[in-house]
Amino acid sequence: MAKLKLGPIADDRPVKLTIELPAPVHRDLVAYAEVLGRETGQPVGEPAKLIAPMVERFMATDRAFAKARRNPQTPLSSKG
């Protein structure tokens with residue numbers, strides 16, 4: 001089985017977050033939660049609980065963000 005980037009979701013104090021997602025992103029989030037639940041043996045329950053760990057993982061692995069964070073005077077350039 002493929003190794004997902006997220007591991008088990010910590011049972012942490014809930015934080016309310018209100019966002020709008022495009023329908024395809026929501027479907028993918030639900031599917032990811034199902035696959036993660038099968039892989040870890042722990043059902044995710046609410047797919048919205050994946051959003052914070054996903055954003056955290058994204059920021060932790062974004063080299064440009066890490067560099068800008070270390071040196072706040074360096075502006076981030078657009079990749080477009």
Side-chain angles (χ1 to χ4, degrees):
M1 180 176 289
K3 179 78 172 140
L4 298 178
K5 290 190 175 198
L6 290 182
I9 304 302
D11 185 19
D12 202 357
R13 190 177 112 212
V15 176
K16 182 155 179 109
L17 177 67
T18 303
I19 63 168
E20 289 186 25
L21 296 174
V25 173
H26 182 261
R27 285 191 294 271
D28 287 346
L29 188 64
V30 170
Y32 197 102
E34 291 171 2
V35 172
L36 183 63
R38 286 195 307 264
E39 186 175 282
T40 62
Q42 298 175 347
V44 173
E46 179 59 40
K49 290 187 176 210
L50 296 175
I51 295 171
M54 287 177 159
V55 172
E56 182 180 30
R57 173 88 172 148
F58 175 83
M59 289 187 295
T61 59
D62 187 314
R63 291 181 183 165
F65 176 66
K67 183 177 180 181
R69 199 170 194 187
R70 284 190 304 270
N71 186 2
Q73 287 74 33
T74 303
L76 290 173
S77 64
S78 174
K79 290 185 178 182

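Quantities reported herein were computed from a predicted structural model and do not represent experimental measurements. In what follows, every heavy atom counts, from backbone to side chain, and hydrogens, waters and symmetry copies are set aside.
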Which distance, rounded to the nearest 0.5 Å, do you find between the OH of Y32 and the CD of E39? 7.5 Å

Nearest 0.5 angstrom please: E46 CD to I51 CD1, how far? 8.5 Å

Applying the 4.5 Å side-chain criterion to the ILVMFWY set and letting contacts propagate, would I19 and V30 be lumped into a single cluster? no

Which atoms form the tightest heavy-atom contact between L29 and M54, and what is the distance? CD1-SD, 3.8 Å

Please report the interatomic distance CG(D28) to CG(L21), rounded to the nearest 0.5 Å. 10.5 Å

